[in-house]
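Scroll down for the structure; my scribbles are underneath it.
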Amino acid sequence: MKKTVQDLLVISNRRLNKDHALLVLKSEIPLDGIVPGQFANILVENSQKTFLRRPFSIYQVDYTCNTISILIKAIGEGTKCLSDSIAGQKLSVIFPLGKGFSIPEKKSKALLVGGGVGVAALMILASDLHKAGHQVEILLGARSASDLVELDVFSKYGQVHTTTEDGTLGTRGFVTNHPVFGEDIRSFDKIYTCGPEPMMKAVSKFATTYKIPCEVSLENTMACGYGVCLCCVTQTTDGHKCVCTEGPVFDLNRLKWQN
Amino acid sequence: MKKTVQDLLVISNRRLNKDHALLVLKSEIPLDGIVPGQFANILVENSQKTFLRRPFSIYQVDYTCNTISILIKAIGEGTKCLSDSIAGQKLSVIFPLGKGFSIPEKKSKALLVGGGVGVAALMILASDLHKAGHQVEILLGARSASDLVELDVFSKYGQVHTTTEDGTLGTRGFVTNHPVFGEDIRSFDKIYTCGPEPMMKAVSKFATTYKIPCEVSLENTMACGYGVCLCCVTQTTDGHKCVCTEGPVFDLNRLKWQN
Amino acid sequence: MAELNIEIAGLRLKNPVLTASGTFGYGTEFDDFIEINTLGGIIVKGTTLHPRQGNAYPRMAETPSGMLNAVGLQNGGVKYFCEHIYPKLIGYHTHILVNVSGSTVEEYIACAEQINDLEYITGIELNISCPNVKEGGMAFGTSCPAAESVVDAVRRVYKKHLMVKLSPNVTDIAEIAKSVEGKGADSISLINTILAMAIHAESRKPVLSTITGGLSGPAIKPIALRMVWQVANAVKVPVIGMGGIMNATDAIEFFLAGASAVQVGTANFIDPTITQHIIAGIEDYLERHKFNSIKDIIGCLQL
Amino acid sequence: MAELNIEIAGLRLKNPVLTASGTFGYGTEFDDFIEINTLGGIIVKGTTLHPRQGNAYPRMAETPSGMLNAVGLQNGGVKYFCEHIYPKLIGYHTHILVNVSGSTVEEYIACAEQINDLEYITGIELNISCPNVKEGGMAFGTSCPAAESVVDAVRRVYKKHLMVKLSPNVTDIAEIAKSVEGKGADSISLINTILAMAIHAESRKPVLSTITGGLSGPAIKPIALRMVWQVANAVKVPVIGMGGIMNATDAIEFFLAGASAVQVGTANFIDPTITQHIIAGIEDYLERHKFNSIKDIIGCLQL
Ligand SMILES: Cc1cc2nc3c(=O)[nH]c(=O)nc-3n(C[C@H](O)[C@H](O)[C@H](O)COP(=O)(O)OP(=O)(O)OC[C@H]3O[C@@H](n4cnc5c(N)ncnc54)[C@H](O)[C@@H]3O)c2cc1C
Ligand SMILES: Cc1cc2nc3c(=O)[nH]c(=O)nc-3n(C[C@H](O)[C@H](O)[C@H](O)COP(=O)(O)OP(=O)(O)OC[C@H]3O[C@@H](n4cnc5c(N)ncnc54)[C@H](O)[C@@H]3O)c2cc1C
Ligand SMILES: Cc1cc2nc3c(=O)[nH]c(=O)nc-3n(C[C@H](O)[C@H](O)[C@H](O)COP(=O)(O)O)c2cc1C
Ligand SMILES: Cc1cc2nc3c(=O)[nH]c(=O)nc-3n(C[C@H](O)[C@H](O)[C@H](O)COP(=O)(O)O)c2cc1C
Ligand code: FES
Ligand code: FES
């Protein structure tokens, strides 16, 4: 759909744990064709310490109710403020932005690897892949069990694996310590990943080694979110490209991550 | 009492009409000896457009509950934001600040003239004068009837007169059009006034003509509120003086308002 | 209906609201959000003779009421502009000016010459003030002789409207303004970003790959307003003001200070439709205050 | 416990947090709020040879993340200071420096001579950077020869710590810093306020009685940080940084950029106890990052 800037009504704000909140936002303009991995750029109006908008993945979309939802992890002033939003309030949102993940043409087995709040980029993807008949496995990693949210929702779309650094849930360690990255990794036709850069780089090593097509979603800092400030660039095989317009999702082969 | 900077708890916020709000704020530190006309300097934390604190008269004080109240008229970003405060919230407040009104030594008849939200400076004064056995008359002026608030509270301390520019309540016109400024004005031993400067200047002409001692409360723009920035000065017989420390209340004779 | 149109040394603008270089792409990026033709004009991205990759990421830092950027004039070069971008712009019915930068006088000249030939580009904004490239830009804008040399050279080859954009990183901006006026600038725009810096305390590293960058946004508005006022009082050519304009009130302040038109920059990032609100707000202001035309308030600060 | 004490060319500060001139009165105004002796030092109000009434009201304008002031050095003159203020300050156990301004070199000299005799005043902060008085101040700080002349003259008569406060309203602040270092400044403090302007759109008048004023507060922090970094890299004498410091993180940024101490200015208006939070926050930072002393982070920006 066309990019719009709109004051979206906060329908609900559900606090998932101490620092995660799930906002449901209603659009006046009919939503259509939001691609998994696209994002929204949200203005934080009630804080003296924020000036620019803050980008968030579109976590879910409900075309019937005409709502999108956003999963927020409060890490700084902007995210704290937004995660305190109350129903009835309005938020200025620019969306949908960026190029999202691609859905394979032919039936395939896909591995979705999410770290931290990077999981937010993967929910619509999991749902869309599942709907299109692909086989989906989802590996979610976090520091601790309490940081893993919405596992039950993910499990509707495929088998969910987890890792935690402190071993409180699933395999202890990083996502790449999970058995799925053993011999079995060859069984996947596609890897999608979103999370902290070191994690995505570790995942992409496997993708490269086993020649599995891989799409990664980057989280560069942004000023505009729609391609005019040129602040969010990443180095690609084709020079500097804007993460907000050419991404946030890139085919691994386009990134200069080899070394 | 000593000046303090404290996070005061908002106990209640009562909206008096479309743009007036009455906040009750609780102090941890025991309140004592707040002088009528003293003020508080309040931080507006939830707005991107305010940087400095905003000064407000201490409207009422309750030594039993250890609360002060503040009457706010929303005219700009800061006052709008503060008048939307909700019970349970905390506000950073520096108080009590400035030199207030003086209570006459011997029994006297006092006229309190308030314009607009300037009436806020007069409530404790009215109460203290009344308590000390002085005869009090209160003249409150505003643009329209709906801008006149808390008349019933004032009337506990003395006879209340009103003027409105549109004639919707009391005498039509400005405060100085009220009959109290006729021959009877000579019967007053003291005039106290707070409101827009043109109003106070008009009132002070009568005070000068009839040689009635008069105290006026100024509302200069302030940065600090406690005498260190030297931004809030007014020209006095003794040179530039800070309104926040030498005032806000000045004896009319000290001001250079004659011409 | 108050009149918003204004003439800037031969450029007839339908209203005095332009967009600032580097904050509006090539205009086409805004097609989803606004009708570009409602604007007084657009100044496209900084263009150089040769293609530039720009600086390494990170190029941006948020600061109190502002931001730093260190884009470093990433662009495809003037040839790429003429061949691939320009054709997309000729459909617009608004003034399009190209912001030109260079590391040497020769580069400025070569770039300007190529733009001379583009029918629908009605002017150049000569950027002698970019703080984000090592070799040049700002150096030309921080001394009178250097500013004179580049304006003089470009003036000789460029026949259409020559707007010169000044750097705020100087002791006396009015002197620089007089220098460039003397060498034939048709108008003067200011301010470019202010050289500044951000540090990440926890990692003890500069936030930007280039250590320093250019500050823009509301934080600099009071400085920009002062400079526009100083320059407008020093020169006769029209002045185009910018720096932190976020709404119509801000724009009005610049007109009162002496700007004949304004450019909106960083505000576009916060709200891509902001120019529309600003144009409407200016009209509303004029009507509320019973002015017939924007011309009635330019330089009319009451002292 | 990390060590906060630091020596600035002979001045032993218990911690690197000072208060900026014109934002802390004479210190006594803070007695209700904090224990003054917890501070590294205080720089008292701008003092001139003759008494000054300062500029007319209004002298202040709020701006995005900052404020303008045009106080214009209102003070009772150095004689009044020596006779009436100084006696109240001798009870404090912290460094007290007097900020000295003048319209002529002779005035600076005469003022400095009188302060020389005050036992408990450990230094002068020479203000060659006040933008708010017509006759002087800033003019001395915006050219190398002028800065040299006043520092040289004062250095000859003033025997204790001579801190020189630079103006940010210059093209190249490092050059000015080198000039004053060459003439014997013991330390260099920066930045003073940036010349700026505010306009009230509705009334079409300047907000300040003086039209222009000095911008301070968080808005200028990125500019101040850049200048401190440039100056610290250019001179050998200690640098005292200021400009928009609102919390410990801001202060740490200045230390990393090369400041040996910081001054807190406008933040005092927002919170009169802010210096206490900043001191505690610096200590906390050092401990969290396992540094033994504040000295371990000065100039330690990792490039
Ligand atoms: C395309 C995209 C999608 C995103 N999706 C989500 C999402 O669905 N849910 C979610 O909670 N967050 C998401 N993020 C991250 C989110 O935008 C940031 O957490 C947010 O901007 C931080 O703002 P803040 O004001 O809370 O923190 P700040 O106070 O601005 O920063 C706090 C700390 O985090 C660092 N930081 C902030 N942003 C970034 C960044 N982008 N990269 C690296 N370091 C950073 C800062 O340097 C600082 O140290 C996404 C980011 C992008 C670019
Ligand atoms: C000692 C003192 C006591 C006060 N007591 C009260 C009180 O009890 N209740 C109350 O509602 N208000 C009181 N005020 C006024 C109140 O402080 C201002 O209304 C408030 O600061 C405006 O803030 P804002 O952000 O809403 O408006 P802004 O957005 O800052 O300003 C809105 C408009 O009002 C003008 N303005 C703002 N402050 C002043 C001022 N002080 N003088 C002249 N023009 C001004 C601005 O120039 C602007 O045009 C008092 C002021 C002082 C100095
Ligand atoms: C991300 C970014 C890129 C910019 N690029 C250019 C440029 O290429 N050429 C130029 O002359 N100015 C450039 N500028 C400066 C703006 O055009 C403008 O002068 C400045 O940002 C001040 O205005 P503002 O505060 O409204 O943004 C850039 C500014 C930003 C924020
Ligand atoms: C109201 C006010 C008065 C000031 N007076 C002086 C002064 O007398 N002498 C001086 O050198 N600096 C003076 N300054 C400048 C400050 O000392 C400081 O350099 C500047 O405000 C930047 O720091 P800040 O952003 O922390 O306030 C004054 C600043 C303000 C806001
Ligand atoms: S965030 Fe502005 S171009 Fe990507
Ligand atoms: S407001 Fe700062 S001295 Fe009065």
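In the text below, chain A, chain B and the rest are named by the order of the sequence lines, each starting its count at 1.
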Legend entry - K295(D), NZ: over 12 other non-hydrogen atoms inside 6.0 angstrom: yes
Legend entry - Interchain contact, Y285(D) with chain C, by part (heavy-atom threshold 4.5 Å): side chain
Inset, instruction - Could you tell me which of S203(C), P222(C), A219(C) has the largest number of non-hydrogen atom pairs under 4.5 Å with chain D? - result: P222(C)
Legend entry - Heavy-atom closest pair, residues Q302(C) and P206(D): O-CD, 3.2 Å
Legend entry - Toward chain C, the part of A61(D) with a non-hydrogen atom under 4.5 Å: neither
Inset, instruction - Name the member of T249(D), L303(D), D250(D) that forms the most heavy-atom pairs with chain C at distances under 4.5 Å. - result: L303(D)
Inset, instruction - Identify which part of I223(D) has an atom lying under 4.5 Å from any heavy atom of chain C, answering side chain, backbone, both or neither. - result: both
Inset, instruction - Quick one: closest heavy-atom pair of M197(C) and L301(D), and the distance? - result: CE-CD2, 3.5 Å
Legend entry - L225(D) versus A198(C), closest heavy-atom pair with distance: CD2-CA, 4.3 Å
Legend entry - Verdict with reasoning, T171(C) to T171(D), per side chain to side chain donor-acceptor pair (under 3.5 Å): CA-CA 5 Å; T171(C) 308; T171(D) 307; 3.2 Å; yes
Inset, instruction - Compare all side-chain heavy atoms of L215(D) with those of R226(C) and state whether any distance is below 4.5 angstrom. - result: no
Legend entry - chain C contact via L68(D) - which portion, at a heavy-atom distance below 4.5 Å: side chain
Inset, instruction - Measure the CG-CZ distance between L256(C) and R204(D) for me, rounded to the nearest 0.5 Å. - result: 7.0 Å
Inset, instruction - Carefully, step by step, assess W229(C) and T212(D) under the rule side-chain contact (heavy atoms from CB on, under 4.5 Å). - result: CA-CA 10 Å; W229(C) 186 71; T212(D) 59; 4.1 Å; yes
Legend entry - Most contacts with chain C, counted as non-hydrogen pairs under 4.5 angstrom, among K221(D), M227(D), E202(D): E202(D)
Inset, instruction - Identify which part of A257(C) has an atom lying under 4.5 Å from any heavy atom of chain D, answering side chain, backbone, both or neither. - result: both
Legend entry - Leading residue by heavy atom contact count with chain C [cutoff under 4.5 Å; candidates T63(D), I211(D), I220(D)]: I211(D)
